[in-house]
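Read through the structure below, which is laid out as C-alpha cells, and then see the notes.
As the structure is a computational prediction, the values presented were derived from the model and not from experiment.
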Amino acid sequence: MRLALISPKGVGMGTNDENKRTMEIYEQLNSIDSLKELMNCPNSPLLTIAALVEDFFDDIVYIDEEIENIDWNEFYDIVAMSFMTQQASRAFELAEKFRERGSYLVSGGMHPTNSPEESIKYFDTVFVGEGEKTWFEFMRDFKNNCTKRIYINDAEIDMNTVPIPRFDLLKMDKYRTIPLQISRGCPHNCEFCASTKVYGAKYRHKSVSKILEEIEIIKKLKPNPHIYFTDDNMLVNKKFSIELLKEIQGGGFRWMTHSDVSVAKHPEVLKLLFSSGCRKIVIGFESIVPNSLQSLENWKYKKLNFYSEAIRTIQSYGVGVWGTFIIGLDHDDNSVFQRVVDFTLENNLYGAMISVPTPFPGSDLYKRLENEGRILTKHWGSYTLWNVVVQPANMTVKELREGFEYTLKEIYSDEASAKRMEYFKRIYSSLKEKSS
C-alpha cells in the first residue's frame with residue numbers, strides 16, 4: 001500500500017485582491033527573513049504520523065505544496081492531510097481531486113480537530129485530537145474494512161511515547177528551517193488561540209535524551225541546521241529548560257522557539273540560550289492597549305508593565321525577541337497603529353509579527369464573534385492573520401486594512417531596519433568583549 005502525507009498550500013490562498021495586496025506590502029518590507037523562516041517550514045505532525053504507521057505501508061511520501069507540485073499521475077491508497085485553518089480551503093479542493101482518483105481520504109490537525117463536522121464533508125475519516133493512539137486503531141479498522149468516520153482522542157499523550165518523526169522524508173535542500181516539537185500544552189488561555197483547545201493547559205515534554213536523539217538525526221540529514229522548536233511555550237518549565245540547554249551547548253545548530261515573558265525573570269535560563277544556539281524567541285505580547293490585552297488573557301495583562309524590561313533583558317543576552325501583536329481588537333481605536341510602531345522601535349525589537357483579529361474555529365474568539373454576527377467570511381484561505389475577516393468594533397474595515405499596512409511598513413522601513421541592526425551590533429560587540 002502507498003500513503004501520501006500532504007501539507008496543503010496555505011500561502012496565497014486568499015482572494016485575488018487579498019493576495020495582490022499582500023504581495024505588494026511584503027515586497028516593500030526590509031529584513032523579513034525571519035518571518036519567511038516561520039512560514040516556510042515542514043509539517044512536523046505528518047512526519048510523526050509517517051513514523052507511527054511505517055510498518056503498514058510499502059511506500060510513504062511527504063508532499064509539501066509550498067515547495068512542490070502534486071504529481072496527479074501517482075496513485076495512493078490513502079491520502080492523509082494535516083492542516084491549519086488557512087490551509088483548509090485548499091485541503092478541501094485537494095480532497096475532491098483525490099476522491100475522483102479513488103484514494104481513501106483522512107484528515108487531522110488543528111482545523112479538522114476544531115471543525116470535524118465541516119471536514120467530514122470532504123474526507124472519509126477525520127482525526128480529532130492528538131493522533132498517536134487513534135492512528136493505530138484506524139489502521140486496524142482499515143485492514144478489516146470497518147473504518148469509523150471520526151476517531152476521537154481526548155487523552156493526553158505521553159510525549160516520550162511519540163515516535164521520532166521521519167525527517168528523512170523531507171527534501172532538506174528546500175528548507176531553511178526544520179521543525180521539532182518537544183512539548184505540548186500551554187498554561188495560558190488566550191481568547192484567540194485554538195491550540196490550547198487541542199493540547200490543553202498542562203505542559204508535557206519529551207525527555208532530554210529523546211530530544212538529543214532527534215536533534216542528531218536532523219544534523220545528519222542537514223549539517224548545521226536551523227531548528228524551529230514549534231512548541232507553544234517551550235521555556236515555561238525552568239528546571240527542564242536548564243537541563244536541556246546545558247546539554248545542547250555548542251551543539252552545532254541554531255534554533256528559535258516560542259516563550260512567554262516570564263523567561264526574562266530566569267537569568268539561569270537566559271545565560272544558556274545564546275551558547276546553546278538560540279538566536280530568536282517569539283513572544284506573544286498580543287497588545288499594548290491595556291483593555292485590549294485584558295480582554296485576551298489576564299496573565300499577560302498583569303505583565304504589561306514588564307514588557308519593555310523583559311525585551312531589554314532577553315536581548316541583552318544576544319537573543320532577539322520577535323514580538324507578536326494583534327491590532328484592531330475591540331478596545332483599539334485608530335491610535336493603536338502608531339502605538340505599536342512606537343513600542344516596537346523604542347524597544348528595539350528584533351522583529352514583529354503584526355496581525356489582525358482572526359477567529360480560528362475552536363477559539364473563544366470564534367465563538368464570540370460568531371454569536372455577534374461579526375465574521376465577514378469563512379473562506380479559510382483568507383485566514384492568514386493579515387486579511388481582515390471580521391468587522392472591527394471601533395474602526396472600519398478599510399481603516400484596519402490601511403492601518404495594518406502602515407504599521408508593517410513603518411516597522412520594516414529601511415530606517416527602522418538600520419536602527420535595529422546597529423542596536424544588535426552593539427549587543428554582540430559587548431558580549432564578545434565580555435567573553436574575551
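No side-chain N or O of Y383 forms a donor-acceptor pair with one of H111 less than 3.5 Å apart. Counted by atom type alone, S308 and N347 present one or more donor-acceptor pairs between their side chains at under 3.5 Å. Between the side chains of Y301 and S295, no donor-acceptor pair of N or O atoms lies under 3.5 Å. Between the side chains of E18 and S382, a donor-acceptor pair is found at a separation under 3.5 Å. A donor-acceptor contact under 3.5 angstrom links the side chains of T384 and N387, judged on distance only. When only modelled atom types and interatomic distance are considered, K210 and N160 share no side-chain donor-acceptor pair under 3.5 Å. Side-chain contact check for D260 and S262: at least one donor-acceptor pair (N or O, by modelled atom type) lies under 3.5 Å. A side-chain donor-acceptor contact under 3.5 Å links S292 and D332. Residues W386 and S355 have side chains that never bring a donor and an acceptor to within less than 3.5 angstrom of each other.
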Inset, instruction - Take D64 and K9 through the test salt bridge (Lys or Arg N to Asp or Glu O under 4.0 Å) and record every step on the way to the result. - result: CA-CA 7 Å; D64 182 351; K9 193 170 180 62; over 6 Å; no

Legend entry - Full working for salt bridge (Lys or Arg N to Asp or Glu O under 4.0 Å) between E93 and K97: CA-CA 7 Å; E93 292 177 7; K97 291 184 179 181; 6.0 Å; no

Legend entry - Steps toward side-chain contact (heavy atoms from CB on, under 4.5 Å) verdict (V397, R401): CA-CA 6 Å; V397 168; R401 283 198 189 113; 3.6 Å; yes

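Residues satisfying the ring-ring contact (aromatic ring centres under 6.0 Å, His included) test with Y122, not counting sequence neighbours, are F92.
Rounded to the nearest 0.5 angstrom, N291 CG and L329 CG are separated by 11.0 Å.
Between W135 and F138, the two ring planes are perpendicular [angle over 60°; tilted spans 30° to 60°].
The existence of a salt bridge linking K239 and E243 is excluded, since no basic side-chain nitrogen approaches an acidic carboxylate oxygen closer than 4.0 Å. Electrostatic pairing of K378 and E370 counts as a salt bridge here, judged by a charged N lying under 4.0 Å from a carboxylate O. The residues E130 and R184 are annotated as salt-bridged, a charged nitrogen and a carboxylate oxygen being separated by less than 4.0 angstrom. At a threshold of 4.0 Å, the pair K148-E137 counts as salt-bridged, since one of the basic side-chain nitrogens sits closer than that to a carboxylate oxygen. Salt-bridge annotation for E297 and K300: absent, with no side-chain N of the basic residue lying under 4.0 Å from a carboxylate O of the acidic one. Using a cut-off of 4.0 Å between Lys/Arg side-chain N and Asp/Glu carboxylate O, K419 and D414 are scored as not salt-bridged.
Side-chain rings of F229 and W255 approach one another, their centers coming within less than 6.0 Å. With ring centers used as reference points, Y307 lies under 6.0 Å from F285. Between W380 and F360, the distance from one ring center to the other does not fall under 6.0 angstrom.
Counting only distance, with no hydrogens or angles, the side chain of E399 and the backbone of T396 share a donor-acceptor pair below 3.5 Å.
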For residues 403-410, which side-chain N or O atoms pair as donor and acceptor with protein atoms under 3.5 Å away, sequence neighbours left out?
| unit_1 | atom_1 | unit_2 | atom_2 | d |
| --- | --- | --- | --- | --- |
| Y406 | OH | Q338 | OE1 | 2.4 |
| T407 | OG1 | G403 | O | 2.7 |

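The 12-atom threshold is exceeded at CZ of R374, counting heavy atoms of other residues, nucleotides or ligands nearer than 6.0 Å.
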